[in-house]
Each structure stands twice: as structure tokens, then as C-alpha cells.
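Okay, structure first, notes after.
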Amino acid sequence: MAAQIRSCRRHDPIAAAAGEMIPRIAMLGPLGPTQLACFASWRRAGLPTQFIDTSDKPLPARFRTIVDRYDYVGPLRGLDERAIEEISTALARARSTGLVCVAEALSIKVWNAAKRWPDHVRLLLNSAATMNMLESKIQQIDLAQRAGFDVLPTAVVSVPGSQLSTDFPVVLRPDRASQDASFKAEFVSSKDTLKRFLAGRAKGAPPVVAQRFIRGPSLVVHGSRHADGRHGPLFAFVSKIKNAGVAVALEPTSLDPRVASACMCFADLAELRGAFHFDLMIDETDKRIWFLEVNARFGGTTGKVFAAGYDEPMVMLRAHGMVECADGAARLHSVVNRVALARCLGKALRGDASPIDYPLPDRRRLSLWALQAMLFFRDEVVSVRRFRSAMAFLSQYWR
């Protein structure tokens with residue numbers, strides 16, 4: 001029976017008095033803003049937490065109190081026998097009842113090894129079949145079109161002679177990132193540039209997806225879906241500052257009903273479970289909203305939306321039936337990662353910016369937005385209320 005966590009901010013004594021099992025949640029992976037947000041959320045709700053750390057170096061002992069139990073297994077080179085045995089032993093000793101991780105490739109491997117984990121552990125992930133399907137950009141695009149999203153003109157290219165059905169410039173991305181880690185996104189301005197890029201790839205390299213390049217802010221939509229198909233509310237954020245296509249700051253915004261309907265339809269078609277978020281693009285010329293991708297898991301904006309007031313870590317537990325709590329947000333705030341913002345601004349001032357950065361090449365607009373975010377936005381990591389967590393995260397820079 002799920003523990004009745006009626007308040008997401010503290011342990012519920014009624015459930016404990018009734019003898020119900022309080023979930024013990026384990027996080028597998030390295031330390032980052034997403035992991036910190038999960039630990040803060042779950043401990044605030046009175047849930048025991050375990051961190052199975054796969055970072056290059058272990059967390060200093062003085063910072064391990066950010067969780068109830070800390071286990072270090074080191075970097076994973078796949079899930080070999082040694083890694084599975086160490087993780088299973090750590091889960092058994094902590095009596096954890098739920099296991100979650102952030103990275104997509106690791107999530108698939110963890111699911112495929114489901115029979116190797118202790119019986120008392122539930123995987124709080126989408127199935128490997130779902131994750132494998134959604135890892136493909138082409139399959140995501142097909143689902144997005146069926147769900148009612150506007151989808152950018154798209155082509156699949158693999159050899160130097162490949163022809164595009166869309167105008168230049170374009171942005172190239174791997175169809176499956178786990179099979180091609182050589183690049184994340186590549187701006188291509190002309191046919192000759194595309195030819196040189198493809199000619200430089202290894203023989204037999206997987207095909208890549210080419211989509212028309214558009215400029216504009218990102219729209220990030222977070223939501224959730226239960227096993228019985230019920231949807232949690234959707235929350236939208238606009239990112240007016242991006243570095244290499246990654247959101248540096250988020251501001252709450254309203255959501256077009258048509259886009260909201262497409263998000264929920266996509267989640268139904270893919271049979272998603274748990275927390276997810278959509279990355280969309282707003283064309284700065286005509287404000288049209290285009291589909292880019294979905295992340296059927298925690299992701300790079302989880303820490304930001306948690307700091308903004310949307311408790312996605314608890315929403316995920318609720319969607320998986322581990323707890324019962326409110327899955328809304330009373331008030332949302334604007335959030336920034338100041339470290340990432342400083343890097344973004346420094347890169348722009350040095351002239352090292354990429355065409356997929358935004359709002360570059362408009363340095364004046366970037367400087368004004370960056371100043372506003374520095375002065376008035378909440379920070380994703382650094383917080384007086386979570387000082388030890390912030391120090392734990394920053395410690396990786398001096399270990």
C-alpha cells in the first residue's frame with residue numbers, strides 16, 4: 001500500500017502509526033542539480049533516501065548527510081556483473097523500495113537488468129521498450145505528428161551525397177544518442193558544409209536527423225501520467241537564454257490549449273508513466289511553437305522547475321503509486337543556474353558563441369536578460385535553505 005503523504009513537505013505520522021511502509025527511494029548516478037532536487041524533495045516529505053554514487057570521485061564525508069544513506073560504486077562502464085552485484089548489495093542493505101536514475105542509456109540498462117535487483121525494489125522508470133522507442137528522434141517525430149504537434153521539416157542523412165528536403169541552414173542531431181556520442185547538435189549553413197560534416201564521420205556511422213534551423217526561445221512543458229492513464233497538470237516555462245541549445249534560465253508562462261492537448265495525446269500514444277517534459281521551440285518571427293523532443297524521465301530542467309516551485313520528484317512518486325500527495329504548484333518563480341549563466345555570458349563576450357545559442361548574436365539583449373536573471377531569479381543550486389546541498393555540488397570542482 002502506498003504511504004499516505006498528505007503533505008509533500010513533511011512526514012505523515014498517520015501513515016506511520018498505521019504501520020504502512022514508508023517508501024525508501026534510491027537514486028543511481030552522478031551528483032547533479034537533478035539529483036539534489038530529488039534528495040531535497042523526498043527528505044522534505046520525510047522519505048528515507050539513498051544515493052548510489054557513480055561519479056568519478058566519492059562525495060566528501062562531510063557532505064554525505066544530504067541523504068540518509070550514501071554508497072559509492074564509481075563510474076559505470078555499462079552494467080557489468082561487478083556493477084550489478086555492488087548496486088544490488090547496496091539496495092538490499094538500505095532496504096530501498098524504489099530505484100530511479102536520470103540518464104536515458106543507464107535507465108534502459110537498469111530496466112533490462114530488472115530481474116537482478118532485490119525483490120523489494122520497484123523501478124520508477126518507463127519500460128525499456130518505451131525508452132528505446134523514444135530514444136529515436138525519428139520515432140518521436142512520428143508520434144508528435146500523430147499527437148497534433150507542429151513538426152519541423154525533417155530529413156535523415158547518412159552519406160555525403162544525401163539530399164535534404166528542407167532549406168538551409170539546418171541543425172543535425174543523432175537519431176539515437178546512445179549509438180552515436182560523437183556530437184549532440186551541429187549547425188550546418190550550406191550544402192558544402194553538410195558534405196564536409198558527413199565525409200568526416202566514421203565509416204558505417206549511424207544516420208543523423210536534419211531539421212530546419214529556427215531562432216527563438218525554448219518552451220519547456222512538464223507533466224506526469226499515471227499507470228491508469230490519468231494525467232497530472234501541465235506546467236510551462238519559457239527559456240529566453242540558451243547555451244548550446246540547453247536552457248540556462250526558466251520563467252513560468254501560460255500554455256496554449258492546443259499544445260497542452262498535444263502533450264497529453266503524445267503521452268497517451270507513448271503510454272508514458274511517471275514524470276516527463278517536452279522541449280519545444282518558439283519561432284521568434286511568427287511565434288509558432290514547434291516540437292523538438294520529449295524526455296520520458298527526469299532531465300536537465302528538473303532541478304530548475306523544483307526550485308521554481310513545481311515538485312517534480314514527488315509528482316513522479318505519485319504517478320508511480322508510491323505516495324499520495326498534491327501534484328500541483330501554488331506559485332511558480334523564475335529560476336536560473338548562475339554558474340551556467342556566467343559561462344554562457346563569458347563565451348558570448350569572447351566571441352565563441354554558436355548559432356544555436358540564444359539570444360545571440362544579440363549581445364545587448366543577452367546582457368540585459370542575464371543581469372535581470374542574476375539579480376532577481378532564484379538559483380537552481382545555490383540556496384540558503386539548501387546550503388549543504390549547494391556545497392556538496394560545488395565540491396566536485398575542487399575534488
Side-chain angles (χ1 to χ4, degrees), residues 134 136-155 165-173 184-185 187 209-225 231-270 272 275-297 299-302 304-305 308 310 312 329 332 334-336 354-360 362 365-366 369 373:
L134 293 178
S136 168
K137 295 289 188 291
I138 295 301
Q139 294 202 52
Q140 282 201 26
I141 289 168
D142 176 64
L143 282 178
Q145 289 175 322
R146 291 164 55 192
F149 282 108
D150 288 334
V151 176
L152 290 164
T154 304
S165 57
T166 183
D167 297 330
F168 288 94
V170 298
V171 175
L172 305 180
R173 293 184 178 87
K184 285 190 174 182
F187 176 82
V209 176
Q211 290 187 309
R212 192 185 79 202
F213 172 73
I214 59 172
R215 283 179 49 80
S218 291
L219 179 67
V220 183
V221 182
H222 282 254
S224 62
R225 184 175 180 273
H231 288 270
L234 297 172
F235 295 93
F237 302 83
V238 64
S239 175
K240 295 190 296 187
I241 304 176
K242 296 186 293 183
N243 182 23
V246 177
V248 174
L250 292 180
E251 301 175 60
T253 188
S254 58
L255 184 59
D256 185 305
R258 187 178 71 85
V259 175
S261 176
C263 289
M264 290 188 284
C265 183
F266 186 107
D268 288 335
L269 289 171
L272 298 184
F276 54 80
H277 66 272
F278 290 87
D279 287 328
L280 313 173
M281 178 75 79
I282 305 173
D283 192 327
E284 67 177 6
T285 58
D286 60 9
K287 308 306 178 185
R288 192 171 179 181
I289 298 173
W290 298 94
F291 174 88
L292 288 185
E293 65 177 355
V294 66
N295 288 285
R297 53 181 172 79
T301 54
T302 294
K304 291 182 179 66
V305 299
Y310 174 56
E312 184 169 73
L332 295 173
S334 298
V335 177
V336 67
S354 162
I356 60 176
D357 294 336
Y358 188 79
L360 292 171
D362 191 338
R365 187 162 42 150
L366 172 62
W369 285 352

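Excluded from the calculations below are hydrogen atoms, water molecules and symmetry mates; all remaining heavy atoms, backbone and side chain alike, are included.
Across every non-hydrogen atom of A144 and V151, the tightest pair is CB-CG2, 3.9 Å. Among all heavy-atom pairs drawn from P217 and V238, the shortest one is CB-CG2, 3.9 Å. Listed here is the closest heavy atom pair of S334 and P252: OG-CD, 3.7 Å. Across M281 and G216, no two heavy atoms sit closer than the pair SD-O, 3.3 Å. Shown here for V336 and A373, the closest heavy-atom pair between the two residues is CG1-O, 3.8 Å. Residues L250 and V220 come closest through the heavy atom pair CD2-CG2, 4.2 Å.
Atoms CD and OG1, on Q145 and T154 in that order, are 7.0 Å from each other to the nearest 0.5 Å. Taking CG of D283 as the reference point, atom CD1 of I214 lies at 4.5 Å (rounded to 0.5 Å). Considering CD1 of I282 and OG of S239, their distance stands at 9.5 Å, rounded to 0.5 Å. Rounded to the nearest 0.5 Å, atoms CD1 (I141) and CZ (F149) are 12.5 Å apart. Between atom CZ of residue R365 and atom CG of residue L360 there is a gap of 9.5 Å, rounded to the nearest 0.5 Å.
Between W369 and E251 the shortest side-chain heavy-atom distance does not fall below 4.5 Å. Between L152 and L292, some side-chain heavy-atom pair lies under the 4.5 Å cut-off. Annotation: side chain of V171 is not in contact with side chain of Q211 (no heavy-atom distance under 4.5 Å). Side-chain atoms of L219 and L255, non-hydrogen and from C-beta on, do get closer than 4.5 Å to each other. In this structure, the side chains of N243 and D357 come closer than 4.5 Å at one or more pairs of heavy atoms.
For E284, the side-chain hydrogen bond (donor to acceptor under 3.5 Å, both in side chains) partners are R215, Y358, not counting sequence neighbours. Residues passing the side-chain hydrogen bond (donor to acceptor under 3.5 Å, both in side chains) test with S136 are D175, sequence neighbours excluded. Scanning for side-chain hydrogen bond (donor to acceptor under 3.5 Å, both in side chains) contacts around H222 gives T301, E312, with sequence neighbours left out. Checked against side chain to side chain contact (heavy atoms under 4.5 Å, CB included), A308 has the following partners two or more places apart in sequence or in another chain: F237, V335. Partners of A296 according to the side chain to side chain contact (heavy atoms under 4.5 Å, CB included) rule, which considers only residues two or more places apart in sequence or in another chain, are N126, M131, L134, L272. A search for side chain to side chain contact (heavy atoms under 4.5 Å, CB included) contacts involving D142 returns R146, not counting sequence neighbours. Annotation: salt bridge (charged side-chain N to carboxylate O under 4.0 Å, His left out) contacts of D279 (sequence neighbours excluded): none. Shown here are the side-chain hydrogen bond (donor to acceptor under 3.5 Å, both in side chains) partners of S218, two or more places apart in sequence or in another chain: K242. The side chain to side chain contact (heavy atoms under 4.5 Å, CB included) search around P169 returns F187, F213, not counting sequence neighbours.
No donor-acceptor distance shorter than 3.5 angstrom exists from the side chain of E293 to the backbone of Q140, with no hydrogens or angles considered.
Each of F278, F276, Y310 was checked for a ring-ring contact (aromatic ring centres under 6.0 Å, His included) with F235, and the lone residue meeting it is Y310.
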Show me, pair by pair, the donor-acceptor contacts under 3.5 angstrom made by side chains of residues 256-270, not counting sequence neighbours?
{"from": "D256", "atom 1": "OD1", "to": "R258", "atom 2": "N", "distance (Å)": "2.7"}
{"from": "R258", "atom 1": "NH1", "to": "G148", "atom 2": "O", "distance (Å)": "3.3"}
{"from": "R258", "atom 1": "NH2", "to": "D150", "atom 2": "OD2", "distance (Å)": "3.0"}
{"from": "D268", "atom 1": "OD1", "to": "R225", "atom 2": "NE", "distance (Å)": "2.8"}
{"from": "D268", "atom 1": "OD1", "to": "H231", "atom 2": "NE2", "distance (Å)": "2.9"}
{"from": "D268", "atom 1": "OD2", "to": "H231", "atom 2": "NE2", "distance (Å)": "3.4"}

